[in-house]
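We name chains A, B, ... by the order of the sequence lines, and we start the count at 1 in each one.
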Amino acid sequence: MPFMGMFSFLFFVWPFTQHWQNELGQSQQTALDIAVHNVAAMLSEDSRFLDFIEDDTSIVRYRSVPIIEAVTIDGRTTDWPEHASRSLGIDDLLEIHFPYNTQSLTFDLSIGSDQENLYLHYRVRDDSVVFRKLNNLSVHRNDHIQFSLRDRSGLFHRFTLAATQPGEASILEVAANGRALRPLENVSARWLATEAGYNVELQLPRAMLGGSFSTLVADVDDEKSRDIKFMMGLSHTRQAEDLGRLVFSPTELESVIAQIPYGARVSNVSGRFIETSGYHITGPHIEAASSIDAGGRHLGTVSLRQTLDPSNYLFWTIWTQLLIALAATILVVGLISFFALWLVGSKLSGVRHLLSSLVDSQGRVTEQSVEGGSDAIGKLIRELASTMNKVAQYNDYLERMASRLNHELRTPVSVVKSSLENLQAENLDEQNAVYVDRATQGVLRLTNILNKMAEARRLEESLDEDEVMSFNLVEVVSGCVAGYETAFGSKSFELSIETEQIPVTGIPELIAQMLDKLIDNAVEFSTSATIRVRLHVENEQALLRVINDGPGLRNDISANLFESMVSMRDDQTGSHLGLGLYIARVIAEFHGGSLSIANREDASGVIVTFKVPLLRITAKLR
Amino acid sequence: MAYRIAIIEDDDLLRQNYVDIFTRQAYQVDAYKNRADAQEIFQSRLPDLAIIDIGLGDEIDGGFALCQWLRQKSQLLPIIFLTARDDDIDIVSGLRMGADDYLTKDVSLPHLVARVAALFRRIEVLLSNEESNVTLVAEGNLELDSQRLTCHWSSTLVDLTLTEFWMVFALVKRPGHVKSRAQLMQESQMVVDESTITSHIKRIRRKFVEVDEKFDCIETVYGMGYRWNPGPQRDKRS
């Protein structure tokens with residue numbers, strides 16, 4: 001059932017999914033637009049950030065990005081943030097002493113800083129690298145890097161980095177006239193030869209830096225002449241007026257950008273990437289950009305990117321979640337249904353239990369006291385119980401009435417009887433004596449009826465579990481049959497018993513009484529001189545059969561013969577109440593057995609069968 | 001001197017019939033409709049024998065109360081219960097009312113007269129102290145005195161009613177012989193329905209067992225009747 005539900009759900013929902021995807025793509029784009037707008041608004045209110053990204057022509061800005069994971073001074077670029085890099089080329093030539101082409105010199109400058117140091121990385125593409133000669137006094141007649149700064153007290157310092165070979169490079173402070181003064185300490189620098197030229201990486205303590213800074217790369221290509229061909233940089237290093245400004249990225253910018261749950265890139269007005277984070281997305285994506293404006297000026301752009309993979313990601317996300325939700329719903333509904341069914345089932349078993357207890361094994365309606373719930377089934381149970389109680393009360397009334405009638409009739413019968421006897425004590429003439437005799441016969445018959453009624457009632461009272469014992473059914477049956485030989489002189493009894501011991505439990509006197517009734521019945525309807533009695537064991541049950549020759553039973557009556565007051569006799573005397581077989585049935589059922597009556601197969605007579613379990617341990621109501 | 005019989009019976013017609021028959025037998029008969037009337041007279045003079053109906057008008061068990069009241073007055077006064085229902089007999093027996101006999105109202109009047117005569121004879125024997133006419137049946141531990149109508153088992157009195165006594169007497173007369181119900185009724189001058197014999201036998205057994213737990217001399221022969229089993233007792237039923 002749950003699977004059917006799931007399949008039908010898929011069938012109906014499938015056509016809608018394409019529509020959903022479009023809708024979701026639309027809303028995703030909208031969400032991204034809003035996000036980028038918010039980011040731009042936030043950045044345009046941050047003055048330090050604006051100062052950081054501003055690109056005006058009046059002053060050169062050296063932007064230092066935050067270094068969050070320490071860089072190793074080894075010349076390699078791998079541990080540098082991508083967006084720290086700024087490419088310099090033909091537009092950035094400060095001095096040209098030779099015709100320039102792009103193979104001659106370009107470089108990428110990266111500036112980063114943490115709390116203590118400023119890091120500089122130069123990735124120089126140079127077609128010919130010329131090292132400083134050992135013992136050469138000048139540091140400028142070879143490929144080198146210059147940088148100048150004002151220290152915190154405003155004093156101008158000029159430095160040159162040159163290397164005699166790849167590896168450790170020395171930095172020398174240079175005098176205004178270009179002469180090397182002394183090596184700079186507390187710095188480390190490394191020169192790395194590359195295929196395209198060389199890389200230089202160096203670390204300066206921020207303590208020696210003020211706000212002004214300049215750096216450039218000087219290119220020497222000829223080992224012999226060792227003349228500087230080009231000087232390339234954002235600003236010159238020669239005098240204090242040439243210096244640009246060192247600006248530090250607001251430290252929170254990076255974390256702000258990193259926290260945006262999209263790929264993000266911030267660029268300034270000249271298209272430089274100020275900050276990027278997870279912006280390189282392969283595969284389908286959506287993109288949104290927003291301008292960063294301040295004071296009516298356009299200062300930069302924020303771009304955001306987000307993966308969009310409708311054929312896989314979104315689709316399966318939706319479907320997975322839908323199916324999970326569906327499965328969970330089906331599970332919950334199933335559990336609730338199961339619980340409800342269980343609840344109804346247990347209540348119905350209460351009804352069944354009630355129904356089975358309504359009538360006891362002797363067919364009497366029993367009194368009921370039932371507590372049901374307040375629901376429909378509870379009401380049904382109570383209604384049923386109350387109805388059955390009424391029936392039970394009525395039944396009880398009828399039973400008491402029969403008993404009382406029996407009792408009440410005895411006294412007037414006794415009056416008639418004793419009066420007749422008084423009459424008989426007198427000397428009556430013959431004519432009167434005849435009537436007295438007839439009256440006496442009538443009274444005897446009446447007495448007989450009353451006694452038979454009393455017998456049935458007394459039997460029910462004598463069904464006492466305390467009297468139950470185990471006994472041998474063979475002895476009771478053979479004893480009884482021997483008695484019938486003398487009691488019914490005109491009939492002969494043919495007894496066949498297969499075993500000597502058939503142990504059963506019950507009250508032997510009652511079994512004898514039952515057999516009396518069966519034999520009475522058989523004798524009465526027998527047309528031959530022989531009544532057959534058979535006793536044997538079959539399937540843990542004792543089977544006692546009384547078989548007589550004679551007319552068969554009418555089909556419509558055989559099932560009812562064991563009921564009270566049902567008789568087959570065409571009896572004019574009226575002294576047969578049809579109680580005999582009823583009494584026999586009550587006794588059989590008390591013993592946990594059953595009575596059945598059937599025509600013989602050849603319709604030559606009737607068989608009454610009494611079945612009783614062997615050695616019944618427990619008793620009456622089971 | 002004629003014996004004085006008191007009949008306490010609430011049914012007017014029946015009471016008058018009883019009065020007539022006993023009067024015809026030359027007894028002196030006093031009849032009472034209810035317990036109060038009877039007790040008022042009995043305060044000053046007890047009858048020689050009382051025949052009591054159990055249900056007396058509004059008092060369902062008025063006969064029981066009257067029986068107990070009379071027994072307090074006299075241990076020897078013969079009392080016969082006349083009942084409409086034979087299950088009352090069980091109650092009488094169970095409550096140990098001290099009745100000497102109980103009969104259902106089905107009893108024929110000649111039988112009732114005979115039973116009354118038997119009770120008077122027992123009184124006469126008890127009072128006369130005549131030893132010579134004692135008819136004593138001794139069978140193992142059992143002694144039956146058919147004059148005094150008393151029964152002893154191992155010298156202990158078994159308190160049998162008149163009906164019960166005659167049933168035991170009939171069985172013991174021919175030990176080992178099965179007596180059918182009809183025979184028992186005939187010989188013990190039983191006047192109750194045949195089917196009540198089973199319960200009479202049960203009560204007799206119970207009374208003997210009260211005296212001797214191992215008593216098992218009365219055997220049921222299913223479909224035939226009962227017999228007295230002397231000597232080595234065996235129980236064929238189990």
Side-chain angles (χ1 to χ4, degrees), chain A residues 403-404 406-426 440 443-444 447-448 450-452 454-455 457-459 461-462 467 469-473 475-487 493 503 507-513 515-516 519 583, chain B residues 9-25 53-55 60 82-90 103-113 178 180-183 191-199 201-202 219-227 235-238:
Chain A
S403 169
R404 192 171 167 79
N406 188 280
H407 180 209
E408 292 298 324
L409 281 174
R410 275 178 188 269
T411 303
V413 166
S414 297
V415 170
V416 174
K417 195 174 169 190
S418 57
S419 299
L420 288 170
E421 282 167 346
N422 264 327
L423 254 183
Q424 280 171 327
E426 303 288 335
T440 305
V443 169
L444 274 176
T447 308
N448 201 16
L450 289 176
N451 283 342
K452 280 196 157 89
E455 186 190 9
R457 183 173 47 78
R458 206 165 43 239
L459 170 76
E461 285 163 6
S462 71
E467 305 277 333
M469 58 169 90
S470 61
F471 61 95
N472 185 2
L473 187 60
E475 274 184 34
V476 175
V477 172
S478 53
C480 285
V481 172
Y484 302 142
E485 295 279 2
T486 53
F493 292 84
I507 302 174
E509 283 88 355
L510 291 180
I511 295 287
Q513 193 181 347
L515 192 53
D516 287 352
I519 295 292
I583 288 170
Chain B
E9 163 64 61
D10 61 342
D11 189 277
D12 294 337
L13 301 175
L14 198 55
R15 186 174 67 244
Q16 198 51 54
N17 272 346
Y18 290 149
V19 168
D20 288 352
I21 195 118
F22 283 110
T23 306
R24 193 173 293 121
Q25 298 294 322
D53 186 15
I54 288 172
I60 297 170
L82 266 183
T83 74
R85 299 172 293 174
D86 25 67
D87 48 346
D88 284 337
I89 295 173
D90 286 317
L103 303 166
T104 65
K105 287 179 180 175
D106 296 341
V107 67
S108 71
L109 293 184
H111 278 304
L112 179 59
V113 169
V178 176
S180 72
R181 288 173 182 171
Q183 285 172 312
V191 281
V192 290
D193 185 70
E194 194 180 320
S195 64
T196 63
I197 286 183
T198 310
S199 44
I201 292 283
K202 261 188 212 167
E219 188 199 347
T220 307
V221 183
Y222 299 108
M224 300 177 78
Y226 304 91
R227 73 176 152 211
D235 188 351
K236 292 185 92 177
R237 286 169 299 151
S238 53

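Distance CG/B/Asn17 to CD/A/Glu421: 9.0 Å, rounded to 0.5 Å.
Both the backbone and the side chain of A/Ser419 come within contact range of chain B, with heavy atoms under 4.5 Å apart.
A/Gln424 has its side chain out of reach of B/Leu109: every pair of non-hydrogen atoms, C-beta onward, lies at least 4.5 Å apart.
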* To do: Would you sort out whether B/Leu14 and A/Ser418 count as a side chain to side chain contact (heavy atoms under 4.5 Å, CB included), showing the intermediate values?
  => CA-CA 7 Å; B/Leu14 198 55; A/Ser418 57; 3.4 Å; yes

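Tested against A/Thr411 for a side chain to side chain contact (heavy atoms under 4.5 Å, CB included), the candidates B/Asp10, B/Asp11, B/Asp53, B/Leu13 yield a single pass: B/Asp11.
Heavy-atom pairs under 4.5 Å with chain A were tallied for B/Arg24, B/Gln16, B/Arg15, B/Glu9; the largest tally goes to B/Arg24.
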